[in-house]
Amino acid sequence: MTSNTLFLSYVMRQFESAAQTLGISQDLSEVLRRPERSVIVSLPCRMDNGELKVFTGYRVQHNSARGPYKGGIRYHPNITLEEVTALAMLMTWKCAVMDIPFGGAKGGIACDPKGMSQAELERLTRKYTMAISSIIGPYLDIPAPDVYTDAQTMAWVMDTYSKVKNEPTPAVVTGKPISLGGSEGRNEATGMGVAIVTREASKRLKRPLKDARIVVQGFGNAGYASAWFLQQMGCRIIAVSDSKGGIYSKEGLEVEKVLEHKRRTGSVINYEKAENITNDELLELECDFLIPAALENQITERNADRIKALAVVEAANGPTTPEADRVLFEKGTLVVPDILANAGGVTVSYFEWVQNLTRTKWSIEDVRTNLEGKMVRSFEDVMRSAEEYGVSARQAAMIVAVKRVAEAVEALGSWP
Ligand code: GLU
């Protein structure tokens, strides 16, 4: 089995277990288990050297009972339909656990964005948008950034879609540049949400954030912003990493300086005020909060018993396998699950969409206050459900989410 097939089976198992606890009927489970629509598109794209390369793109729309489909677009060489399907399903649960009126979707293109020029990325993004333009839209399916896509990517999607439809349509994507109707605070929203739930977890665990040791795996948008906000809250960021490796400093790293170093050299490694470590060593460091902020399947049965963190806060989607989850639960390690921990991004996406549709502009203070309120409320919903059912925070989050989606699907009925 490939790791993406495994990942899909893990996400499915999380669902099955919640559906079982809730006593959801076989019929309803059957509906929720499958995506409503999966689209695979072939994308012939002219490269800068004149060569024509054919890429494969995906958009999977899992469920729309609670509102339009919502979810990012990922560019990565290893993307498959299974991975995008699993991520789409997670988006449905994520929007439900946050109680925002969206369903779940995900998209992606199998490509190596690091080896492509801006012009190539623009052509590929526009090709992809053309190819899926009939199944996205401001009231249908609203893409956003994900791994290796950003505000610029969203600007291209918005422009292509607007030209195809012959009307400017900012609400078709979120995570746009602010100049095009993007929201204040969207760029750093995932990291801010991670920091808020880490703070809430620290209160529960009675481990004050002042001087708390933080380890962050992944230094992309989510990893960097999580580290930045946590540093502002008084934490010590003792290790960070990217795909090339990690760095460790007992005294703590200056997050902005590490970013400068990464911009200059292409990686966090070889930072002068720290020691190089491997990604495996990083995950096993003695620390208070471990924040996986890279890709899926990082904490597995192979390393779970060596995780020394007091709590794991999942900034990435799907970083912990079910076997590892069980080991951590038995050890008493709190795992704040992805669909809650990294939901700050989609929550501010929702705020952006509302601003676009109502032709309003919120201040950064409005965005932050509303995000804070939503994150804290959902954290409490999940913890309450964990106590009520005597389960882990992941199972509890899934129970809250699946219950909300199942109720919506039932209320809609089945037509035609
Ligand atoms: N890609 C982000 C996620 O996995 C954000 C999705 C969105 O804003 O629609 O949650």
Side-chain angles (χ1 to χ4, degrees), residues 7 11 58-64 66-76 79 83-98 100-109 132 136-151 153-154 157-158 170-177 181-194 197 218 220-226 292-296 313-319 336-356 367 370-371 374-375 378 397 401:
F7 176 46
V11 170
Y58 305 91
R59 185 77 184 166
V60 175
Q61 299 172 330
H62 172 254
N63 190 282
S64 60
R66 290 174 41 87
Y69 304 105
K70 186 85 191 77
I73 299 172
R74 173 177 295 205
Y75 290 177
H76 197 274
I79 283 182
E83 183 187 21
V84 181
T85 305
L87 292 166
M89 199 172 192
L90 286 178
M91 285 309 303
T92 302
W93 313 136
K94 194 184 297 184
C95 293
V97 89
M98 295 308 291
I100 54 181
F102 286 134
K106 200 79 168 202
I109 305 179
I132 62 163
I136 61 170
Y139 295 101
L140 176 55
D141 180 356
I142 306 120
D146 196 78
V147 173
Y148 294 134
T149 56
D150 57 16
T153 323
M154 294 307 114
V157 174
M158 173 189 159
V172 68
V173 283
T174 57
K176 300 176 284 290
S183 179
E184 296 288 344
R186 173 62 186 86
N187 194 35
E188 64 271 23
T190 307
M192 184 172 170
V194 167
V197 295
N221 177 292
Y224 167 72
S226 303
L295 293 169
E296 44 270 13
V313 183
E314 297 183 333
N317 290 311
V336 186
D338 46 9
I339 59 170
L340 171 65
N342 70 35
V346 74
T347 302
V348 178
S349 275
Y350 165 58
F351 299 159
E352 180 172 328
W353 182 73
V354 169
Q355 292 172 69
N356 295 156
V367 170
N370 280 288
L371 176 60
K374 278 227 154 275
M375 295 302 306
S378 300

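Index from 1, following the sequence. Indexing begins at 1, ligand by ligand and atom by atom, following the structure's order. Values reported hereafter were calculated over all heavy atoms of this structure, with side chains retained and with hydrogens, waters and symmetry mates removed.
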Point to revise | No-hydrogen, no-angle side-chain donor-acceptor test under 3.5 Å, Asp150 and Thr153 | key: yes

Practice item. Go through the structure and list residues passing salt bridge (Lys or Arg N to Asp or Glu O under 4.0 Å) with Asp338, not counting sequence neighbours. Key: Arg394

Exercise for review: Scan side-chain atoms only and decide if Asn342 and Asn317 contain a donor-acceptor pair under the 3.5 Å cut-off.
Suggested key: yes

**Study point:** Thr149, Asp146, Asn187 screened by side-chain hydrogen bond (donor to acceptor under 3.5 Å, both in side chains) with Asn221, the one that passes
**Key:** Asn187

Exercise for review: Any chance you could lay out the side chain to side chain contact (heavy atoms under 4.5 Å, CB included) test for Met98 and Lys374, step after step, and finish with the verdict?
Suggested key: CA-CA 7 Å; Met98 295 308 291; Lys374 278 227 154 275; 4.1 Å; yes

**Study point:** Non-hydrogen atoms of Ala189 and Leu371 that approach each other most closely
**Key:** O-CD2, 4.0 Å

If you look at each N/O of ligand 1, which protein N/O atoms lie under 3.5 Å away, and at what distance?
{"from": "ligand 1", "atom 1": "1 (N)", "to": "Pro145", "atom 2": "O", "distance (Å)": "2.9"}
{"from": "ligand 1", "atom 1": "1 (N)", "to": "Asp146", "atom 2": "OD1", "distance (Å)": "2.7"}
{"from": "ligand 1", "atom 1": "4 (O)", "to": "Lys94", "atom 2": "NZ", "distance (Å)": "3.1"}
{"from": "ligand 1", "atom 1": "4 (O)", "to": "Lys106", "atom 2": "NZ", "distance (Å)": "3.0"}
{"from": "ligand 1", "atom 1": "4 (O)", "to": "Asp146", "atom 2": "OD1", "distance (Å)": "3.4"}
{"from": "ligand 1", "atom 1": "4 (O)", "to": "Asn317", "atom 2": "ND2", "distance (Å)": "3.1"}
{"from": "ligand 1", "atom 1": "8 (O)", "to": "Arg186", "atom 2": "NH2", "distance (Å)": "3.1"}
{"from": "ligand 1", "atom 1": "8 (O)", "to": "Ser349", "atom 2": "OG", "distance (Å)": "2.5"}
{"from": "ligand 1", "atom 1": "9 (O)", "to": "Lys70", "atom 2": "NZ", "distance (Å)": "2.7"}
{"from": "ligand 1", "atom 1": "10 (O)", "to": "Lys94", "atom 2": "NZ", "distance (Å)": "2.6"}

